[in-house]
Structures are given as structure tokens and as C-alpha cells.
There are 2 protein chains.
Amino acid sequence: MATGRIGEGRGADVGGIADGIATLDAATMAAAGRDAAGTFGGRAGAGLRSPRVRAIYSALLDAILANRLPPATRLPEDDLGSIYGASRTIVRSALEALAHDGVLTIEPNRGAFVASPSVADARDVFDARLLVEVQLAERAARCITAADIAALRQHLADEHAALDAGLQQRAILLSGLFHVHIAEATGQRALAGFVRELVSRSSLIVALYWRRRDAICGSHAHEELVDALARGEPDLAGARMRAHLLDILDGLDLTERPAKSIDLGDVLRDA
Amino acid sequence: MATGRIGEGRGADVGGIADGIATLDAATMAAAGRDAAGTFGGRAGAGLRSPRVRAIYSALLDAILANRLPPATRLPEDDLGSIYGASRTIVRSALEALAHDGVLTIEPNRGAFVASPSVADARDVFDARLLVEVQLAERAARCITAADIAALRQHLADEHAALDAGLQQRAILLSGLFHVHIAEATGQRALAGFVRELVSRSSLIVALYWRRRDAICGSHAHEELVDALARGEPDLAGARMRAHLLDILDGLDLTERPAKSIDLGDVLRDA
DNA sequence: CGACGTCAAATCGTATACAATCTTTGCGCT
DNA sequence: AGCGCAAAGATTGTATACGATTTGACGTCG
């Protein structure tokens, strides 16, 4: 495939993947500049060298978290390279970083695929979230600043706005980010990074196993959580976080249906 | 010793790095094959494609955790490539993975350096460890199997053997692995991976801020911990884990000497 | 004598070429 | 027709070449 041909001319040959990525391509690349709360990959991937790797990393992460790239989607290096106008070197670096975050799986000599967490993975992730986030909520209730509270309320407003505007993808992304923001408000950087990773993987889990049609991560729960934080009640905040996470878990259908890795071939083929 | 101070001239430090790595190079590369409890990088770096990247990743990680490569050591890609007989492509991949784990820092256009955690980083890491590992110890006391107990006791024996044999580097490495093994015994894979990362960073922290001359991570504490686990007493196990971690923290000198992140520049320059 | 600008060496950033591996296709054989 | 094998195609794995950036040094000027 033509190496130097990129930028605009991505449309025809790459079809499916380009749809998933390029739809928000421009917006994402733009968001890569402002480090604001709009994009999930904002502060993530902190160990990435060049801005170009960062950009692809963020774009792919956003696409995956917003479920534009469903689990088990194959991500060939050449295609991504021509879509983003970068060489495979850059793309590989971004893919490896994403694999390290657990949102991609790299099979040697076969390529990268959007991760499709097993039922066991799902339980594992939410176990970890319960253990970590409940305690972080308690701690946040003790140490959170007024500015952080304000920022969280602003975030809630953004969530609502996205939902009201029908931007479901953005709503999903923001609802995940909410948990990351709480973790960051405690000032615990290591734990916040871990929560970010867990939330990322949760997006894939929800994409695979969600059964309810309720509002995802009902903003009601988020608001109650912020209230508990604002009132400085650690126990209440922890309890609400626990209830919220258990509620999400309850909304999943974790019966042993898709066994393990349903193999991605069929998903690719029909496309 | 040669590994002690590097940074004289640009050309001279190649010898230093080679010393730090190649000393145990053969042993490490051999250990890369058997996935046993000998090497830290055994199950880590799970997202790495090729065996060669894995090998370099493990070798570097072991060298760093055993403190053969002290914090702020520069790791030029070319040198590592010639040491391991690999191209920069491979080396870069390994370096990026290590940076993601937090044991390396990559400065754009400048290269990779062994991380030198700030005092704030140190507190951050041990805060996280307290939050996570105490609960994991409680959980382990509930669910651990007899086989895991036996494996832990064997591990304790290895630690003692290393100490008695004067293999201090190996003792340090094993004493970190002990915590990882407990986390893995709970079956919580995500949390175990996080603990592995925190333990790695702790090795650097201890290398930088240790002040006591006691046995590092006194095996006494480890044995009491295993006893509590074997007796199936969650509260006791949790309490002992907490006390153990606080004891380590207490052995650190976290006065604000190196302020925040003066970064490694000065450490390298003034030598 | 110190400060600053220019230059050269070293190192990283990226692209690309080539090799290895896997996948698919088509053919021949039973 | 079914099965197995072999060759072609596609994709990843690795090495290397070249450009960009930084660094340290030297020499000149104020």
C-alpha cells in the first residue's frame, strides 16, 4: 500500500477501521493538543516519547473507550499508519503502549486486537475497582478541595449535557473519566493511574456484557457521590462508591456465554 | 566499584553500564528461559511481543531492581544494543515497556534513565502499597491454598539462603517478589500486576533513601506474615502487612533533601 | 577574563527495506 | 468429493539508514 499517501485519502481502501477511527479523527487530533478533560488519553500514556505516538495512542484509546472500535477488532499496523499518516514505527509504539494498558492484545506474528475481556477478566477488574476505589472515595471525602469539588460538579454537568445531546459515546467516556477524576483528587498518582487503567478495561467489559438499557453509570449515583464528598463524609462516600460499582457489576451479564476469546475472525469477516 | 559512579565522560560510562548489566547477564538470560521464581521479570511485561524484547526487558529490570544500575543511570540505546546484540528497535521496545512500569524515565530527545523517584513519589508508592497490600493480605488469609502456603515457605527459605550466602542483591530481589507472590495468591491478576509495579518502584526508592543498616525487609516480618496467612486470620495478616510496610517506610530517610524532582541532570553531571 | 555564537559529536526520532512468519488459495492426489 | 501439500499473498519482526535535536567545546568578541 502506498506509504506516503495519507492525510485525506484514507477513505476507500480501509473501510471498517477507518470508520471507527476517522469519524472522530479530526476532533481527537485536535483534542490531543489541549490537555483538557475532553479526552481520556489526556494525562495517560505519560511515558510516551513523541507527540505523534501520543496522538495515535489517544485517538485509538478514545475510539476504543467510546466503543467505536468494538472488542476483538483487528488493528493492522499498515492500515493505522496510512490512516494517521505515520509509519509503522510510530503505530507500533502506540499499540504497544495500549497493550500495556490492557485495552489491546498483541498476538505475536498476528497483530493487535482490541481486547475482549473474558468473564473472569471482568470479575477481576471489578474486584480490583471495589478494593481500590472504595478506599479512594473515603480518602477523597477527607482531603478533597473546594476546587476539586467544583471541577467534579462541572464534570457532572458535562455528563448531563452529553446525555441530553444524545452523544452517548461521549457520555460513556465522561462517565469513566469521573472515576478517574475522583482518584486524582486524592493526589495519589500511582493509584489514579491504576484506576485509569481499570476504567479503560471496564469500558470494554461494559461493551461486551452490558444487558440493561438504563443510563450507563447512572449520573444519579455520580451526583450522590459528589455530595458525599462535598459533605466530607468518608464512610458515606465509600459506601456510595461501593454501591455504585456493585450496581454496574449487577448490570452485567456474566454468565459463561462467550467462553473466552470468541476469536475475532467472524467479527472481521462480516464487516 | 565500577557500578558505583558513572557519568565521568560520555564515553566512559559504557563500561559502567556494561558492568551493571553484563555481570549477571548470562545468569539473567538463562533465567529468562525458566519462568521460575528466580527472576523478577518472569511474568511481568506480559504485553511484549518477541522473546528478545522480553529478554532485554527482564535483564534490565533485574539489573535495576538489584540496584546494579543505580537511579539516574543513563541507558543509551546504542550501548544496550551492542551489549545484548540487538538492534535499537528491540532495545527501544524494552525501554518503553520499562518506562511504562515506572522504573525508567524517558526524556524526549535525551534518552532513557533509571528512574530516581522523588520523596513525593516515595510517599505516593507506599501510600498505594498500604492501601492495596493490606487488603490483599486480608483476602489472602481467607482464600490461600495449602500449595500457595508451601510455595511461600519455600520462597522464605530462598530468601534466607540468599542472605546467608551473602547474595544481597538476590535477597533484595526476592524480598520484593515475596509481596508479589502474596498478591498473586489471591488470584487477583490486575491487583497483582499493580503490586508488581509498586514493588519495582520501591526497590528504587529503597536504593535512594534507605538509611538503616538492618536486614532489608527483615525476613522476620515475612515469616510472621506467612504464619498469619497459614492460620487463616485475615485481620492479623492485614495488620502485619501494614506494620511491615510502615516499618520499611520508617527505614527511609524522606526528609526533603532532593526537594522535588531536580531530575537526574545534576546527579549525572556533577558525578 | 567572561559571555556568547558557531560547530562538531553523539544520540534520539522516524522511515523504509528486508526477512520471517502466518494465512490463504489452489492444485494434485487418494 | 475430501484431504493434504505447496506456493502466493499478506502481515508482522528486525535491522539499518538518514534526518533532527541536543550537548559539549572551541573560538571569537566585548
Side-chain angles (χ1 to χ4, degrees), chain A residues 1-7 13-17 45 47-57 73-99 104-113 263-269 271, chain B residues 6-17 45 47-57 72-99 104-113 263-271:
Chain A
M1 194 174 295
T3 52
R5 176 126 320 274
I6 14 98
D13 16 57
V14 208
I17 294 173
L48 270 43
R49 301 159 182 265
S50 72
R52 310 184 51 192
V53 177
R54 281 282 285 260
I56 295 181
Y57 172 93
T73 303
R74 181 150 184 248
L75 301 173
E77 298 173 358
D78 278 330
D79 295 347
L80 296 176
S82 54
I83 288 172
Y84 289 118
S87 77
R88 280 180 51 215
T89 308
I90 310 293
V91 173
R92 273 175 82 85
S93 186
L95 289 178
E96 283 170 15
L98 289 165
L104 286 190
T105 299
I106 293 181
E107 301 187 23
N109 280 316
R110 301 224 24 241
F113 302 80
D263 238 49
L264 357 104
D266 47 355
V267 186
L268 282 175
R269 185 149 338 234
Chain B
I6 311 175
E8 202 124 43
R10 284 180 159 273
D13 56 2
V14 176
I17 293 173
L48 270 43
R49 300 161 183 262
S50 73
R52 310 185 53 192
V53 177
R54 282 282 284 261
I56 295 181
Y57 172 92
T73 304
R74 184 151 182 248
L75 300 173
E77 298 172 358
D78 282 328
D79 296 346
L80 296 176
S82 53
I83 288 173
Y84 289 117
S87 76
R88 280 178 53 215
T89 308
I90 310 293
V91 173
R92 272 175 82 86
S93 185
L95 290 178
E96 283 169 16
L98 289 165
L104 286 190
T105 299
I106 293 181
E107 300 188 23
N109 279 316
R110 300 224 26 240
F113 302 81
D263 261 33
L264 358 102
D266 53 302
V267 186
L268 283 174
R269 192 165 319 249
D270 63 50

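No experiment lies behind these values; they were computed from the predicted model shown. Residue numbering restarts at 1 for every chain, and letters A, B, ... go by the order of the sequence lines.
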Side chain proximity check, B/Leu104 to B/Leu75, heavy atoms < 4.5 angstrom
yes
Rounding to 10°, can you tell me the angle the first-five-pair axis of the helix from C/dC1-D/dG30 to C/dT30-D/dA1 makes with its last-five-pair axis?
0°
Going from OH on B/Tyr57 to OG on B/Ser93, what distance comes out if it is rounded to the nearest 0.5 angstrom?
11.0 Å
Given side chains that start at C-beta, do those of A/Leu95 and B/Arg49 come closer than 4.5 Å, heavy atoms only?
yes
What's the spacing between B/Phe113 CZ and B/Glu107 CD if we round to 0.5 Å?
5.0 Å
Annotated protein contacts, base or backbone, on nucleotides 8-14 of chain D with a non-hydrogen cut-off under 4.0 Å, one of B, S, - each:
---SBBB
A/Arg52 meets the side-chain contact (heavy atoms from CB on, under 4.5 Å) criterion, sequence neighbours left out, with A/Ser50, A/Ala86, A/Ile90
What's the separation between atom OG in A/Ser87 and atom CG in A/Asp78, rounded to the nearest 0.5 Å?
10.5 Å
Quick check for you: to the nearest 0.5 Å, what is the distance between B/Glu96 atom CD and B/Leu48 atom CG?
10.5 Å
